[in-house]
Structures are given as structure tokens and as C-alpha cells.
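Please read the structure below before turning to the comments.
The model shown is predicted, which means the values in this text are computed figures rather than measured ones. Only this structure's heavy atoms are used, side chains among them; waters, hydrogens and symmetry mates stay out. Throughout, a chain's letter reflects where its sequence line sits, starting with A, and its residues are numbered from 1.
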Protein chains: 2
Amino acid sequence: MADQVMTPVDKEMAGFAHAEIKQRGIDLRLGVALEAVEFTPEANNTGKLALTLNNGNTLNTELLIMSIGVRPETKLAQEAGLQLGELGGISTNSSMQTSDPSIFAVGDAIEDTDFVTGKSGFVPLAGPANRQGRMAADNMLGRSETYQGTQGTSIVKIFDLAVASIGKNEKILKREGIAYDKVYVHTSSHAGYYPGAEIVSLKMLFSPDTGKILGAQAAGKDGVDKRIDVLAVAQRAGMTVEQLQHLELTYAPPYGSAKDVINQAAFVANNILKGDATPIHFDEIDNLTEDQILLDVRNPSELANVGFIEGAINIPVDQLRGRMDELPKDKEIVIYCQVGLRGNVAYRQLVNNGYKARNLIGGYRTYKFAKA
Amino acid sequence: MADQVMTPVDKEMAGFAHAEIKQRGIDLRLGVALEAVEFTPEANNTGKLALTLNNGNTLNTELLIMSIGVRPETKLAQEAGLQLGELGGISTNSSMQTSDPSIFAVGDAIEDTDFVTGKSGFVPLAGPANRQGRMAADNMLGRSETYQGTQGTSIVKIFDLAVASIGKNEKILKREGIAYDKVYVHTSSHAGYYPGAEIVSLKMLFSPDTGKILGAQAAGKDGVDKRIDVLAVAQRAGMTVEQLQHLELTYAPPYGSAKDVINQAAFVANNILKGDATPIHFDEIDNLTEDQILLDVRNPSELANVGFIEGAINIPVDQLRGRMDELPKDKEIVIYCQVGLRGNVAYRQLVNNGYKARNLIGGYRTYKFAKA
């Protein structure tokens with residue numbers, strides 16, 4: 001059983017969903033499966049349900065809603081002798097033809113081509129289904145339209161939180177052996193001084209070789225759909241993270257920032273690609289060695305208010321130039337701040353002064369929600 | 001004096017702003033200039049202002065706010081002997097160097113390259129200024145970053161209405177002699193059955209030769225920034241309206257539709273490019289000839305509720321197949337509905353049955369707001 005909700009995103013990004021769900025008072029149990037359901041009838045056609053979980057726990061309830069995934073319904077296709085794919089969907093080509101060229105298939109029961117890997121994919125979503133339908137109709141009537149692969153763009157609203165993604169997540173990239181690099185940014189959905197701004201937490205996966213976008217995931221209460229849409233277009237257009245820096249997006253205080261979330265993510269990615277930043281990621285922080293020192297460059301009030309990582313030295317970034325000699329040059333300084341920006345400033349200061357350093361990409365916020 | 005507000009958009013799109021402004025009780029005067037201001041002092045350092053307009057009218061007020069445009073401040077640059085451009089800004093190359101290569105200039109006082117025309121442009125906006133500053137700093141310190149042109153992406157909030165645009169408007173395309181075609185769509189910002197959906201009114205200008213996006217303008221109370229951002233990315237990536245059909249954007253009922261506004265606009269554009277639709281535009285409707293007949297395919301209740309165009313025959317689209325013989329085959333049937341969709345259905349029916357027809361792109365809604 002998965003140790004996260006929302007498997008299209010990676011676990012640390014699902015943490016934003018976990019936090020929202022728990023904050024709403026829901027008893028969220030991860031990594032456990034339902035093993036048995038027992039119904040005890042009561043008067044007036046009512047009754048009680050006893051749920052046995054695979055960790056031995058029991059839950060009593062009056063209502064059980066099972067939401068256990070999607071499988072393609074292919075009975076008709078199988079009886080017609082049509083070929084199925086490895087994932088169990090009806091095989092189609094880019095003209096939406098099945099293995100019988102006079103039979104077309106579209107929508108939730110088919111396999112089409114994954115935009116990133118070029119392999120067969122199964123993505124039962126309304127957007128692809130609609131466009132496939134239009135193309136199949138065109139092709140049946142003599143046109144020649146080509147379906148151009150599925151990115152798997154998706155979004156879900158969990159109470160007030162939006163969680164969205166495109167392309168491949170890190171789990172899949174690892175499994176497929178596709179080389180990737182990644183960045184996290186947490187940036188305001190619009191200018192902070194205009195009411196209603198919310199943090200957009202964005203993870204972007206890209207190729208270290210070509211700079212192309214492999215996938216992206218975002219969570220937040222405002223502007224998440226817009227940022228994933230921007231990346232959906234950029235990915236489909238084959239843009240690189242270098243090109244993302246130049247995107248010229250709408251800016252007025254109610255709608256965005258002069259440097260949008262996407263520009264910021266591109267800046268961080270390019271800092272890494274150009275060698276201007278040496279990243280460390282959230283899942284390495286709990287396993288630092290004797291040769292590494294953890295440095296928190298936030299202000300003491302932030303540590304008190306939002307928490308900190310045990311064992312960190314605290315030198316606020318604004319004091320770092322004057323206090324640099326408190327740090328050893330023979331160890332690697334692992335820097336973190338709240339979201340990664342001040343950490344980058346500290347990183348540049350230390351490296352320019354002959355220190356070895358790495359900066360936690362996405363800062364304490366990524367580290368913290370990964371555990372949510 | 002302009003007969004519209006918001007000159008970055010064309011007049012018919014400014015109509016949405018005019019309607020919003022008037023609906024809020026503001027006395028909007030277009031096409032008139034302020035000719036003289038006379039101050040009559042009163043007690044306690046107060047006073048009254050008499051404003052004389054160039055149409056002879058006079059207005060009395062206690063407060064005058066003049067918002068009369070932006071001109072580059074180039075005094076320092078001129079005194080330094082730097083070259084200015086035709087538009088009055090400081091000339092820069094793509095490295096942000098002025099005519100003196102050791103002096104860099106960025107921001108609101110410079111001219112850079114227009115993304116669409118390749119000519120010198122003057123776009124004093126915060127987004128370009130920020131990215132230019134970053135690049136100039138990099139280049140000063142030995143890097144080689146290239147500014148890649150300004151699209152002029154902009155957005156304004158007028159009460160609850162957003163008005164946004166990218167690229168070139170129709171006025172400029174005409175003036176520059178650039179061939180273009182255009183479409184209008186009015187589509188829900190997200191699934192209509194989920195609360196809070198608002199109509200996004202979108203105008204898209206594209207090259208009839210290459211299919212590339214030349215410009216876009218949108219107005220509405222929800223999701224306008226997102227759609228212009230999507231087109232800003234697509235334009236910068238050099239995508240065609242054919243490719244826009246395939247965009248896979250976030251869809252869940254609170255955020256979008258399975259066929260997004262942008263997909264819909266692309267479908268309409270491609271119908272025109274493929275010859276599946278023969279368009280007529282709002283500004284031709286008031287000048288129909290004896291050889292044209294105006295056909296309103298909406299339901300009678302809509303005509304009563306939202307208005308109609310004088311002289312139109314009304315046959316609802318659902319009755320058209322049975323009542324087609326009421327229409328003459330020797331005249332051109334100019335079809336309109338509310339936004340253009342049912343008009344397209346009617347157009348296909350009529351043309352498939354041997355009629356000559358054109359469909360009003362954007363329907364009655366475009367026609368009506370063009371007069372607002």
C-alpha cells in the first residue's frame with residue numbers, strides 16, 4: 001500500500017495534500033490496506049460496518065466509500081479480437097486506429113503514446129479523450145489528424161488546495177532509468193502586498209543533458225493550475241529550462257509577479273546547470289556525515305516559529321559575512337533557509353570565500369512537508 | 001483622442017472594459033481631450049477645478065488625476081552621448097549594451113527588440129525590466145546572456161474585470177502590413193456546473209501562412225491571466241494554431257474544461273485555415289448587401305433577453321434542418337448565434353446542403369461589446 005495519496009506526484013509533494021487533509025480533521029492512514037468488511041444488520045434496513053485493516057486495526061463506520069483506481073473496460077474490444085497493450089488498454093496508433101484499421105478507439109479504455117518516454121501509456125483523462133474523439137472522427141471521414149501523445153496533465157482540488165502535475169514524476173524517471181535533475185521553489189502566486197497571495201510550491205524535473213522539462217508538480221491554494229499549464233505548454237513545445245527564464249508572463253499585482261514562479265524555478269535550474277549552485281536535496285539532510293555541517297541562515301524568530309532541523313548552526317544570512325570564520329573550511333557547509341533563496345545568497349558568499357558548500361533546494365519548507 | 005481605453009487591445013475588446021467601467025457608474029468620455037484646467041481658490045487652501053474639453057463641454061471637479069502615458073527619461077543617457085532609438089528610448093543590443101559597449105541599460109527607458117516584428121520596441125513593463133537587469137549583470141561580469149525580445153505581455157484589473165494581451169494587436173498588424181487572420185471565442189473559465197465560472201472572451205491573431213500566433217487579447221473575471229500566459233508561452237515557443245489544438249491543460253471542474261478556452265480558439269482557427277468554416281467579422285455585419293441575408297440561430301428567448309441584430313431572420317439551430325427551405329440558395333446566409341458555436345453547426349448544415357454561408361466569429365457577444 002502506498003505511503004502517500006495522489007500517486008501522480010512524488011511523496012514529498014503529496015505531503016502538502018497530507019497536511020491539508022489532516023488539518024481538516026481527517027484521520028488519514030497511509031501504508032495500510034483494507035483486508036475485510038463485515039456488515040452487521042440493524043433495524044430499518046440500516047447496519048454497521050466493521051473494517052479490518054492489514055495492520056490488525058479495526059474501524060467501525062456506517063458508510064464506506066471505496067475509491068480504488070481505474071481499469072480499462074475492454075470486454076467488447078477483446079471479443080472483437082482487437083489487440084490490447086501491456087497496460088491492459090486497447091492498443092491504438094496515432095490515428096486512433098485499433099489493430100483493426102477500420103475500428104477506432106478513444107478515451108479511458110485505450111493506450112496511447114506517452115509524450116515523455118514515447119512508450120505506450122494509459123492515462124484515462126477527459127482532455128486527451130476529447131481531443132482523441134475529434135481526431136478519430138476526422139480520420140474516419142478522410143482527414144489525416146495525428147494524436148501527439150499524452151503528457152498526463154492533471155489537477156485535483158483537496159479542500160482549498162490544488163495539487164497538479166504534468167509529465168513524469170521522479171519515481172517513474174528512476175524506474176525508467178531516465179537521467180534527471182530537479183528543483184523546488186515556493187513562491188507567491190502574486191505580488192505579496194496584494195490580498196489573496198498564496199504560496200505555490202513547485203517541483204520541476206528536467207534533463208541535465210538537454211535541459212528539457214521531464215515533469216512538474218505543484219501544490220497551493222492559488223495559481224497552481226496556471227503554473228502547471230504554463231509548463232504543459234512549454235514541455236509540449238520542447239522548451240528547455242534555459243528558455244523558461246525568458247518567459248514573459250502576465251504581471252500586475254493581483255495576478256503574478258515580475259519574476260513569476262516559473263521564471264524563479266528556471267533561474268534555480270539554470271544556476272545548477274551552469275554550476276553556479278551546488279544543490280542538496282531534502283532526503284539527504286537526515287543522513288549527513290561527520291564531514292558536513294548544517295547551517296540555518298534564517299532569523300532566530302523563524303526557527304522558533306516554524307521549526308528547524310536538529311543540529312543546525314544558526315547564522316542569519318545578513319550576519320554571515322561578519323561571522324564566516326565561525327565555520328570550518330575543511331568541512332562541507334550544508335546551508336538551508338526557508339525556501340532556498342537566502343540559502344543561495346549564503347552559498348555564493350561562502351563559495352566565493354573558499355568554503356565548500358551546498359544549498360538545500362526548496363529549503364526547510366520542502367524538507368518539512370516531505371514528512372507530512 | 002482615442003475612442004477606447006486600454007490601447008494595447010483592439011477597440012472591440014476594449015468594449016468589455018467600457019462596459020465594466022460604465023456599469024460601475026463611471027461617466028466615461030471617449031474621443032475627447034482635456035483642453036484647459038482652471039483653478040478657483042476657496043477658503044482653507046481648497047478650491048474648485050473647471051475642466052474644459054475639446055468638444056466645448058465643461059466639467060467641474062475638486063480632484064483631477066491625469067494619467068497621460070509614459071515617456072522614457074533619457075536625459076542622463078543623452079548627456080553621456082548614448083544613441084537613442086526612433087521611439088525615444090535608449091538603444092540597446094541583445095546583450096543590453098548601449099551604443100557605448102561598456103555602458104549597459106535596462107528597463108523602462110530603453111528600446112529593445114519586439115518579439116513579433118523584430119523591430120525596435122518600447123515596452124516599459126516590470127517583467128522585461130527584471131530579466132534585462134539579471135542579464136546585464138551577468139554580461140557585465142563576463143557571462144554571455146542574450147535578451148530574446150519583448151512580447152509586451154500585460155494585464156490590468158479594472159474593478160473585477162481582467163484585460164490582458166500579448167504580441168501585436170490588429171491595429172498594429174494592419175499598420176505594419178503583416179498578414180493576419182483572427183478568431184474570437186467566449187468560453188467558460190471552468191466547467192459551468194462548478195461555482196464561480198466566468199466567460200473568458202478571447203481574441204487570437206495568427207498568420208494565415210505559417211499559423212504562428214501574432215497576438216492575443218482577453219477579457220473576463222476569471223482565468224484571463226492563465227489563458228494569456230498559455231499563449232505567451234506558445235508564442236515564444238513559436239507554436240502554431242495547429243499545435244494549440246493539442247495542448248493538454250489542467251482540467252478538473254474548478255479549474256478548466258476538458259476542451260479549454262485555448263483549445264476552442266485553436267479549433268475555430270483551424271476550421272478557418274482548413275476551409276471548414278467561412279468567417280465573417282463583427283465590423284462587416286452593419287454593412288451587409290442585398291445579396292446577403294442575416295440569420296439568427298439562437299432561441300427566441302435569447303433574442304428577447306440579450307438583444308439581436310435588426311433585420312435578422314430567426315430560425316433556432318435545432319429547427320434548421322426542417323426549415324432550411326425558408327432560406328434562399330442564391331443569397332449568402334450570414335449566420336450568427338451567441339458566441340459562434342451554434343452558428344458553426346448551422347454553417348455546416350447549410351453548406352452541406354448547397355447554401356452559401358458565413359458564420360459570425362464570436363457571435364452576438366463580440367458584435368455587442370464592440371459597440372460598448
Mind listing the closest non-hydrogen atom pair of [X] and [Y] along with its distance?
X: A/Asn130; Y: B/Lys259; value: OD1-CE, 3.4 Å
X: A/Val233; Y: B/Met239; value: CG1-SD, 3.8 Å
X: B/Asp225; Y: A/Lys226; value: OD2-NZ, 2.8 Å

Worksheet entry | Sidechain-backbone polar pair: B/Glu248 side chain, A/Pro128 backbone, donor-acceptor under 3.5 Å |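 No; judged by distance alone, with no hydrogens or angles, the pair does not exist.
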
Worksheet entry | Whether A/Asp229 side chain and B/Thr250 backbone form a donor-acceptor pair below 3.5 Å |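 It does hold such a pair.
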
Worksheet item: Where on B/Glu145 is there a heavy atom nearer than 4.5 Å to chain A: the side chain, the backbone, both, or neither?
Response: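 Just its side chain gets close to chain A.
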
Item to complete: Using non-hydrogen atoms and a 4.5 Å limit, figure out which bit of B/Thr240 sits close to chain A: side chain, backbone, both or neither.
Response: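 For B/Thr240, there is no contact with chain A at all, as no heavy atom is under 4.5 Å.
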
Top of [options] for chain B proximity - count of heavy-atom pairs under 4.5 angstrom:
options: A/Ala162, A/Ser154, A/Gly256; value: A/Ala162
options: A/Leu125, A/Ile166, A/Thr150, A/Asn263; value: A/Thr150
options: A/Arg143, A/Met135, A/Gln245, A/Arg227; value: A/Arg143
options: A/Pro253, A/Ala129, A/Gly152, A/Gly149; value: A/Gly152
options: A/Phe267, A/Tyr251, A/Tyr147; value: A/Phe267

Worksheet item: Crowded around B/Lys212 NZ? As in, over 12 foreign heavy atoms under 6.0 Å?
Response: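 No - once you tally the heavy atoms of other residues, nucleotides and ligands closer than 6.0 Å, there are 12 at most.
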
Worksheet item: Where do B/Tyr194 and A/Lys157 land on the side chain to side chain contact (heavy atoms under 4.5 Å, CB included) test, with the steps shown first?
Response: CA-CA 12 Å; B/Tyr194 191 91; A/Lys157 191 167 195 272; 3.5 Å; yes

To the nearest 0.5 angstrom, please state how far the [atom1] atom of [X] sits from the [atom2] atom of [Y].
X: B/Ile155; Y: A/Leu249; atom1: CD1; atom2: CG; value: 11.0 Å
X: A/Gln243; Y: B/Arg236; atom1: CD; atom2: CZ; value: 9.5 Å
X: B/His246; Y: A/Gln151; atom1: NE2; atom2: CD; value: 12.0 Å

Item to complete: Heavy atoms only, distances under 4.5 angstrom: which of B/Ile228, B/Val224, B/Leu244, B/Val230 has the most pairs with chain A? Name it, please.
Response: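 Highest number of pairs under 4.5 Å: B/Val230.
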
Worksheet item: Mind checking what makes side chain to side chain donor-acceptor pair (under 3.5 Å) contact with A/Asp108, not counting sequence neighbours?
Response: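 Result, side chain to side chain donor-acceptor pair (under 3.5 Å) vs A/Asp108: none returned.
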
Worksheet item: Do any of residues 268-277 of chain A come closer than 4.5 Å to chain B, heavy atom to heavy atom, and if so which ones, in number order?
Response: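 A/Asn271, A/Lys274, A/Asp276, listed by number.
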
Fill in: Side chain, backbone, both or neither of A/Ala164 within contact of chain B (heavy atoms, under 4.5 Å)
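For A/Ala164, side-chain heavy atoms alone lie under 4.5 Å from chain B.
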
